[in-house]
Amino acid sequence: MESEMKLDKWGYQVRTCSDSCISAINSYYHQVLSYGRKRSVIMEAPKSDPECVLGNILAAHFLCSTGSSRVSLLIDTAKSFLEHASSYEKAVFECVMYLISPDRDDDLAVDLHSKLLREFPRDLVSLKRAQVLCFYMGRADLSLKLVERVLPMNSHEDYIYGMLAFPLLELGRMEEAEKAGKRGYEINKDDTWSQHAICHVYQHECRFKEAVEFMNDCSRSWSSLSSFMYTHNWWHVALCYLEGHAPMEKVRETYDECIWKELERSDAIPPEVYLNAIGLLLRVYIRGGHDIFGDRLKKLADYLTDQTIWFLEWHLDILIIWALSHTGELNKAEDLLKGLKSRVSMMTKKKQQIMQKGLSKLFINTGRATIRRHWNFLGTTLMPLTTR
């Protein structure tokens, strides 16, 4: 028996008989756009309605980075009911399926999302997926085009202006980025992506005191953020102290109390914390403040030898290599570096060319002496990786 159609948050049709399924999908939308720490709520959708295509494919996308065996089952279930799904569900299914395919072409993945957004412009979660992909492609221009296209249909919505501000930042259009960020902040003062954009502008303009005061005021709304976004916001605060020539002890306090301490939370996601922790320590070491930080890098590196956190994200992997090599874990650093090189070799020629542009210097000889010798240059090369 076919299920009835219900409307999701965007007003688009979803075939399901379950109000709980729609509620879980809408809650997931909110968690994604707000960088919330309860994105796992999407797993309630297929539980409430095992036949819902949208619930199944969004749950599969949520789990795909974990290597969970449930991903295949969720995908197969979505496929089996796809014939009866709404046109919106079919469009999301096509985009997500291609996005998580191992041999995807990133340009085509963006094109598919662009096609979806032309027909369903209010779907800000699909816009977010596309923007994240554009970020990793280094294509802020594409990201901006996508958000500008759907802006007229979403001009009063939460989160849209933070999504507009970020590509403007990346393109160096700071005045426009600040205007967009502040508009988003006016609509919703808890919109952390708008807060983040405003902080970026203040940092760029060396308004460090203003940035710290602004972010400290905003921090009361951060407890519900994901481990990444929570520690990333505090990373920005610590960086403002560092670049604003505050005492190094103030930077250390922020690291201890607001970044490392996140690991004490039962629902913390450690790799997300490690990303911002290494990013800050890299900056500190380049600025010569390592003495004040004592053995914190060594303590962190002890966790980074765990190979289950390798190959989750290129950004994190490269920072891990720096941390391991800097603390004498040269064998581990070599192993990770060789693993990255192997993964590049298995990519399509198009992707290899793109990756090799960014990583060619890192891959010039993986010998221990080279790892030691090259980190002087890599310190400055890695700096841009820690500015987002």
Side-chain angles (χ1 to χ4, degrees), residues 27-44 58-59 61-68 125 128-129 131-132 135-136 159 162-163 166 190-197 199-200 215-216 218-241 251-284 293 296-297 299-320 322-323 385-388:
S27 294
Y28 175 68
Y29 291 162
H30 174 72
Q31 289 297 311
V32 170
L33 295 176
S34 66
Y35 284 86
R37 64 196 302 127
K38 295 182 179 179
R39 288 160 290 175
S40 61
V41 68
I42 191 58
M43 301 310 300
E44 296 300 313
L58 292 179
H61 184 233
F62 169 72
L63 288 178
C64 68
S65 64
T66 67
S68 171
V125 168
K128 190 67 174 180
R129 278 197 311 269
Q131 285 197 307
V132 170
F135 170 73
Y136 285 110
Y159 307 114
M163 297 167 79
F166 192 72
D190 292 341
D191 177 2
T192 196
W193 206 232
S194 290
Q195 296 169 358
H196 171 258
C199 182
H200 259 286
M215 293 297 268
N216 276 325
C218 293
S219 65
R220 65 176 72 92
S221 67
W222 294 350
S223 63
S224 62
L225 297 181
S226 67
S227 289
F228 167 74
M229 202 67 226
Y230 179 81
T231 57
H232 188 65
N233 281 344
W234 284 114
W235 176 88
H236 272 286
V237 173
L239 196 59
C240 287
Y241 285 135
V251 182
R252 184 183 64 194
E253 179 186 356
T254 305
Y255 176 89
D256 287 343
E257 297 299 319
C258 305
I259 296 178
W260 191 255
K261 203 166 188 177
E262 165 70 8
L263 293 170
E264 296 178 7
R265 295 183 66 168
S266 61
D267 59 348
I269 300 178
E272 296 183 6
V273 180
Y274 301 154
L275 180 65
N276 287 298
I278 308 169
L280 179 56
L281 292 178
L282 171 62
R283 293 281 184 138
V284 167
F293 272 70
R296 285 168 178 78
L297 181 59
K299 182 179 178 181
L300 172 57
D302 289 342
Y303 290 92
L304 303 179
T305 59
D306 176 7
Q307 297 187 26
T308 63
I309 67 166
W310 295 3
F311 311 121
L312 297 176
E313 183 177 308
W314 287 89
H315 183 176
L316 177 59
D317 288 334
I318 294 169
L319 291 174
I320 288 174
W322 171 78
L385 291 176
T386 67
T387 59
R388 305 304 185 194

Task: Gap separating the CH2 atom of W260 from the CG atom of L281, nearest 0.5 angstrom - done: 9.0 Å

- [ ] Not counting sequence neighbours, which residues clear salt bridge (charged side-chain N to carboxylate O under 4.0 Å, His left out) with E253? List them please.
- [x] K250

TODO: Could you please spell out the steps behind the side-chain contact (heavy atoms from CB on, under 4.5 Å) verdict for S221 and Q195?
DONE: CA-CA 11 Å; S221 67; Q195 296 169 358; 3.5 Å; yes

- [ ] Start with the C-alpha distance between L275 and T231, add both sets of side-chain angles, then the distance that settles side-chain contact (heavy atoms from CB on, under 4.5 Å), and finish with yes or no.
- [x] CA-CA 9 Å; L275 180 65; T231 57; over 6 Å; no

Task: Distance in Å, W314 CH2 paired with L319 CG, rounded so as to fall on 0.5 Å steps - done: 13.5 Å

Task: Results of side-chain hydrogen bond (donor to acceptor under 3.5 Å, both in side chains) for R252 - residues two or more places apart only - done: none

TODO: List the atom of A59, the atom of M43, and the distance in Å for their closest heavy-atom pair.
DONE: CB-SD, 3.7 Å

TODO: Could you give me the CA-CA distance, side-chain angles and deciding distance for L297 and W322, then say whether side-chain contact (heavy atoms from CB on, under 4.5 Å) is met?
DONE: CA-CA 11 Å; L297 181 59; W322 171 78; 3.9 Å; yes

- [ ] Indicate yes or no for a side-chain donor-acceptor contact from D317 to the backbone of F311 under 3.5 Å, with no hydrogens or angles considered.
- [x] yes

- [ ] Rounded to the nearest 0.5 Å, what's the gap from CG on L225 to OG on S34? Could you check?
- [x] 7.5 Å

TODO: Could you tell me which residues satisfy ring-ring contact (aromatic ring centres under 6.0 Å, His included) with W222, sequence neighbours excluded, listed by chain and number?
DONE: W234

Open item on the list: Do L304 and I278 make a side-chain contact, defined as non-hydrogen atoms from C-beta onward lying under 4.5 Å apart?
Closed with: yes

Task: Non-neighbouring partners of D302 that pass salt bridge (charged side-chain N to carboxylate O under 4.0 Å, His left out), sequence neighbours left out - done: K298

TODO: Can you run down the salt bridge (Lys or Arg N to Asp or Glu O under 4.0 Å) pairs that involve residues 223-237, sequence neighbours left out, and say none if there aren't any?
DONE: none

Open item on the list: With rounding to the nearest 0.5 angstrom, report the CE to CG distance, M215 to L239.
Closed with: 11.0 Å

- [ ] Indicate yes or no: at least one non-hydrogen side-chain atom of M163 is less than 4.5 angstrom from one of L33.
- [x] yes

TODO: Work out which heavy atom in Y241 is nearest to a heavy atom in N216; give both atom names and the distance.
DONE: OH-ND2, 4.0 Å

Open item on the list: Please enumerate all residues that pass side-chain hydrogen bond (donor to acceptor under 3.5 Å, both in side chains) together with K261, with sequence neighbours excluded.
Closed with: E257

- [ ] Determine whether Y230 and V273 make a side-chain contact, defined as any pair of heavy atoms from C-beta on separated by less than 4.5 Å.
- [x] no

Task: Partners meeting side-chain hydrogen bond (donor to acceptor under 3.5 Å, both in side chains) with D190 (sequence neighbours left out) - done: none

Open item on the list: If you compare all heavy atoms of A238 against all heavy atoms of L280, which two are closest, and at what distance to 0.1 Å?
Closed with: CB-CD2, 3.7 Å

TODO: Identify, with sequence neighbours excluded, every residue that meets ring-ring contact (aromatic ring centres under 6.0 Å, His included) alongside Y29.
DONE: W10

Open item on the list: Any non-hydrogen side-chain atom of L312 less than 4.5 Å from a side-chain atom of S65?
Closed with: no

Task: E272: partners by side chain to side chain contact (heavy atoms under 4.5 Å, CB included), with sequence neighbours left out - done: R39, S226, S227, F228, I269

Open item on the list: Which residues pass the ring-ring contact (aromatic ring centres under 6.0 Å, His included) test with F293, not counting sequence neighbours?
Closed with: Y255

Open item on the list: My understanding is that only residues two or more places apart in sequence, or in another chain, count here; which of them pass ring-ring contact (aromatic ring centres under 6.0 Å, His included) with Y35?
Closed with: W193

- [ ] Report the distance from atom CD1 of I259 to atom CZ of R296, rounding to the nearest 0.5 Å.
- [x] 12.0 Å

TODO: With rounding to the nearest 0.5 Å, note down the distance linking CD in Q131 to OH in Y136.
DONE: 13.5 Å

Open item on the list: When you compare the side chain of L316 with that of P271, does any pair of heavy atoms fall below 4.5 Å?
Closed with: yes

Task: Aromatic plane relationship, H232 with H236 - under 30° parallel, 30 to 60° tilted, over 60° perpendicular - done: perpendicular

Open item on the list: Test of understanding: with side-chain hydrogen bond (donor to acceptor under 3.5 Å, both in side chains), list the residues that count as partners of D267, not counting sequence neighbours.
Closed with: R37

